[in-house]
Amino acid sequence: DSETNVPKLKEKKGIQHFISKEEITNSIEKLIERFQYNIIGMSYLDEGIPNKQTIKKLFKKYGKKVTVKEKQHKYALSHNAKNELLFIAK
């Protein structure tokens, strides 16, 4: 947006590609490709599909140096803590 100078996703119907197990890896790759010349920060649950290693490979495919920070996080509606990943790709 104009205030933060950060590119935003405009296509709301595209969110369906992040729900389908068959399409999610391809959708994440398309996002990385689209923003490959930017620093990318992505928060992700470590139980998600694709897994941590696959996402790191996708970033590296586009020449990104990836740092992954991990932290236990308890969500408001969950009784158990989950491991949250923060990918920082430069």
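FYI, the numbering just counts along the sequence from 1.
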Hey, what do you get for [atom1] ([X]) to [atom2] ([Y]), rounding to the nearest 0.5 Å?
X     : Y     : atom1 : atom2 : answer
Lys90 : Thr67 : NZ    : OG1   : 6.5 Å
Phe35 : Tyr62 : CZ    : OH    : 13.5 Å
Glu70 : Asp46 : CD    : CG    : 6.5 Å

With a 4.5 Å limit on heavy-atom distance, are the side chains of [X] and [Y] in contact?
X     : Y     : result
Lys56 : Val68 : yes
Glu47 : Lys82 : yes
Lys69 : Leu85 : no

Exam field: side chain Asn38 to backbone Ile40, donor-acceptor pair closer than 3.5 Å = no
With distance as the sole test, does Ser27 use its side chain to make a donor-acceptor pair with the main-chain N or O of Glu23 at under 3.5 Å?
-> yes
Under the side chain to side chain contact (heavy atoms under 4.5 Å, CB included) rule, what do Ile28 and Tyr44 come out as? Steps first, then yes or no, please.
-> CA-CA 11 Å; Ile28 290 173; Tyr44 200 76; 4.2 Å; yes
For [X] and [Y], which heavy atoms make the closest approach, and how far apart are they?
X     : Y     : value
Gln36 : Lys64 : O-NZ, 2.9 Å
Lys74 : Asn80 : CG-O, 4.2 Å
Phe59 : Met42 : CE1-CE, 4.5 Å

When you look at Lys61 and Glu33, which way does the side chain to side chain contact (heavy atoms under 4.5 Å, CB included) test go after all the steps?
-> CA-CA 9 Å; Lys61 178 178 177 179; Glu33 181 181 25; over 6 Å; no
Candidate pair Lys71 and Asn83, rule side chain to side chain contact (heavy atoms under 4.5 Å, CB included), full reasoning = CA-CA 6 Å; Lys71 184 175 181 179; Asn83 200 26; 5.6 Å; no
List, by chain and then residue number, the residues other than Ile88 in its hydrophobic cluster (Ile/Leu/Val/Met/Phe/Trp/Tyr, side-chain heavy atoms under 4.5 Å); write none if there are no others.
-> Leu86
Using the rule that two of Ile, Leu, Val, Met, Phe, Trp, Tyr join whenever any of their side-chain heavy atoms come within less than 4.5 Å, decide whether Phe87 and Ile49 are in one cluster.
-> yes
Under 4.5 Å between side-chain heavy atoms, hopping through other hydrophobics if needed: is there a path connecting Ile39 to Ile55?
-> no
